[in-house]
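This report refers to the structure that appears directly beneath it.
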Amino acid sequence: MVFRFFLVLLLFAKVSQAQPISLHTENPHYLSYKGKPILLITSAEHYGAVLNLDFDYDTYLETLQKEGMNYTRIFVGSYVEIPGSFGIEKNTLAPKEGKFIAPWKRTEEVGLFEGEKKFDLKKWNEAYFTRLKDFIAKASEKDIIVEVTFFCSTYQDSYWERNPFNPGNNVNNITNTDRKKSNTLQNENLTNYQKALVNKIVLELNEFDNIFYEVQNEPWADDPQKALLTLKTLSPKDLNWAKQSETASKASLAWQKEIADVVYNTETNLPKTHLIAQNYTNFKHSLPRVESNISIINFHYAWPEAVWMNYPYNKPISFDESGFAGSSDTTYLQQAWQFMLAGGAIFNNLDYSFYVGAEDGKGKNNAPGGGSTTFRKQLTYLHRFLTSFDFIEMRPDFGTVYHAPGVETQTLSKKGEQYAICITGPQGDSIKLRLPTGKYTYAFLNPFNGMEIKKGEIMTKESITTIELPSFDTMLGLKIVAENK
């Protein structure tokens, strides 16, 4: 009996110590999970793993784990796409008719899209929540973190035809017919249903440690507000929206704040509290304000400057979605290296090699992005490189690289002890460094195959130190460590 009593106490202690993924206590620019610092680096499917009944998420999660990915992102069903959305040939977020499962029960009335039945937003679909929790539980078993995104902009009138919040797709006398106002406080009686959804999901998922929440995907798309930053275009001919970063409107921000408050207030009386992310803008922008209950700052198509401009907020900065930069995996690998070596905490490549029938990530897809087994393997080299350092003690460093002719660099360091440098661009010959006096070892990494291609030692005496670069194609990783470390 005594042994059993102490066994129960031990189990209780372990349970009480468990907590969801959280900000790292020593460096809140990073995250902590199961008592250890964690970097979230992944190449994951197009957010429909739960809402698309045809998608085999068991195979998908097994693939992520096997290939070293520790993070995925899902939409909860308040937004869904139609075949051909964004020119994607095979799209997880566009289930076939009859295969879209949402949080609400369907009725016998026919809605607007291809004979799909209307929803009753007052009645929960328990089959949906069973599927949602099963997905997250299986991800948890594999130490995969899940970003749960509540809402999304609707983008086009044709997408609105399938949206559960369109008055023609529910029986609840929703009076808002303007899709561009659906995620604002000007959506008349829709807000209460949205808040009820958030409250329900937060209650259902409170037990899980491997999740964090995001308020809305790309909130600027409903009513884009031009930021003060002129950008180089990704494709001047086809992507006019890429000429300037865009931010959400004041109406959107007010609504997002209320949604985040629902998460916070709901969890006040629950055993666990979870981080909340907010998607602010694309590319880069110096954010004028971040609400106190927002813990993670999300950017899409992010530049390294997105990290540096917002670093004083002392929160993890996330490259939450990639894409629209061609189909070459090299482009997205370069984005990952540059962003994470700038001080980012999270990188998510939108991987179009995952879709229904290709849950093993070996599919070929006509889509505005990349993704492949090879690319996911290459991301593990980035993860291994960063975790070979005590990265919690490192910060963005703008002074160590004195001159890098012909290339661009991003540097993380704990000065005098350890330096992680990303080198990208045309072939350069050397890199000039300012290092404190001492003896250091250095090693260059090939990001494409993970192989060390050159290493050596250097002695410094408070002067500029030059290291010759090995021959390389597009990218190099450089690790420098003081001899006594």
Side-chain angles (χ1 to χ4, degrees), residues 38-44 62-71 144 304 319 322-323 325-342 344 346-354 358 360-365 369-391 394 401 404 406-413 418-431 433 440-458 467-481:
I38 185 172
L39 296 169
L40 300 183
I41 301 176
T42 199
S43 186
E62 288 170 6
T63 302
L64 288 185
Q65 181 189 42
K66 180 178 67 176
E67 296 185 351
M69 305 293 97
N70 65 353
Y71 160 52
I144 295 171
F319 192 134
S322 70
S327 59
S328 171
D329 286 338
T330 296
T331 299
Y332 302 109
L333 186 63
Q334 179 174 320
Q335 289 180 351
W337 273 83
Q338 290 184 327
F339 185 81
M340 296 302 290
L341 270 293
I346 303 171
F347 177 82
N348 175 35
N349 178 63
L350 183 41
D351 193 322
Y352 291 105
S353 70
F354 291 110
D360 60 358
K362 296 179 180 178
K364 302 295 182 183
N365 202 351
S372 65
T373 299
T374 298
F375 176 72
R376 293 188 292 275
K377 183 69 173 176
Q378 290 168 344
L379 285 182
T380 67
Y381 306 145
L382 169 60
H383 193 276
R384 185 174 65 192
F385 177 77
L386 286 168
T387 54
S388 71
F389 298 89
D390 185 0
F391 64 87
M394 303 173 82
V401 176
V407 296
E408 181 180 350
T409 65
Q410 290 81 31
T411 304
L412 288 175
S413 76
Q418 52 180 352
Y419 301 81
I421 303 174
C422 172
I423 300 168
T424 57
Q427 178 65 51
D429 295 324
S430 64
I431 184 170
L433 306 169
Y440 300 84
T441 61
Y442 69 86
F444 289 97
L445 176 82
N446 182 334
F448 296 99
N449 61 22
M451 300 296 291
E452 187 178 279
I453 53 179
K454 179 184 177 182
K455 63 181 180 180
E457 296 182 350
I458 50 175
I467 300 179
E468 300 301 318
L469 299 180
S471 177
F472 70 99
D473 177 18
T474 310
M475 286 186 288
L476 280 173
L478 172 57
K479 179 176 183 176
I480 303 173
V481 180

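Keep in mind that what you see is a predicted model, and the values were worked out from it rather than measured.
With a 4.5 Å cut-off on side-chain heavy atoms, T474 and Q334 count as touching. Considering only heavy atoms from C-beta on, F444 comes within 4.5 Å of I423 through its side chain. Annotation: side chain of L469 is not in contact with side chain of D429 (no heavy-atom distance under 4.5 Å). Looking at L382 and F347, their side chains never come closer than 4.5 Å, going by heavy atoms from C-beta outward. Taking the side chain as every heavy atom from C-beta outward, L412 and F391 never approach each other to under 4.5 Å. In this structure, F385 and L341 have side chains that are in contact, with non-hydrogen atoms separated by less than 4.5 Å. Inter-residue side-chain proximity for L379 and T42 is flagged as unmet; no heavy-atom pair is nearer than 4.5 Å. Using a 4.5 Å heavy-atom cutoff, the side chains of W337 and C422 are in contact.
In the model, T441 has no side-chain atom that pairs as donor or acceptor with a side-chain atom of K455 under 3.5 Å. Under 3.5 Å, the side chains of T63 and R376 contain no donor-acceptor pair of N or O atoms. With no hydrogens or angles considered, a side-chain donor-acceptor pair links T424 and Q338 at under 3.5 Å.
One N or O on the side chain of K454 and one on the backbone of E468 form a donor-acceptor pair closer than 3.5 Å. A distance-only check finds no donor-acceptor pair linking the side chain of N349 to the backbone of S322 [under 3.5 Å]. At least one donor-acceptor pair under 3.5 Å links the side chain of N70 to the backbone N or O of I41. For S413 (side chain) and Y419 (main-chain N/O), no donor-acceptor pair under 3.5 Å exists by modelled atom type. Listed for the Q418 side chain is a donor-acceptor partner under 3.5 Å among the backbone atoms of D390. Checking side-chain atoms of Y71 against main-chain N and O of S43 turns up no donor-acceptor pair under 3.5 Å.
The environment of K377 atom NZ is sparse: at most 12 non-hydrogen atoms of other residues, nucleotides or ligands sit within 6.0 angstrom.
Within the model, atoms OH of Y442 and CD1 of I431 stand 12.0 Å from one another, a figure rounded to the nearest 0.5 Å. To the nearest 0.5 Å, atoms CE (M394) and CG (L386) are separated by 8.0 Å. Between the CG atom in L39 and the CE atom in M340 there is a gap of 4.5 Å [rounded to 0.5 Å]. Residue E67 holds its CD atom at 9.0 Å from OG of S372, rounded to the nearest 0.5 Å.
Between F319 and F339, the ring planes lie perpendicular to each other; the angle is over 60°, past the 30° to 60° tilted range.
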Side chain to side chain contact (heavy atoms under 4.5 Å, CB included) evaluation trace for L478 with L445: CA-CA 6 Å; L478 172 57; L445 176 82; over 6 Å; no
Steps toward side chain to side chain contact (heavy atoms under 4.5 Å, CB included) verdict (L476, I453): CA-CA 10 Å; L476 280 173; I453 53 179; 3.3 Å; yes
Side chain to side chain contact (heavy atoms under 4.5 Å, CB included) evaluation trace for F448 with M475: CA-CA 8 Å; F448 296 99; M475 286 186 288; 3.6 Å; yes
Side chain to side chain contact (heavy atoms under 4.5 Å, CB included) between N446 and E452, worked out: CA-CA 6 Å; N446 182 334; E452 187 178 279; over 6 Å; no
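Between P447 and G477, the closest heavy-atom pair is CG-N, 4.1 Å. For the pair A342 and Q410, the tightest heavy-atom approach, listed with the atom from each and the gap, is N-CB, 4.0 Å. The minimum heavy-atom distance between A404 and T409, with the atom names listed, is CB-CG2, 3.8 Å. Minimum interatomic distance between G371 and S353 (heavy atoms only, all atoms of both residues): O-CB, 3.5 Å.
Because its NZ or CZ atom is both nearer than 6.0 Å to the ring centre of F389 and within 45° of the ring axis, K479 counts as a cation-pi partner of that residue.
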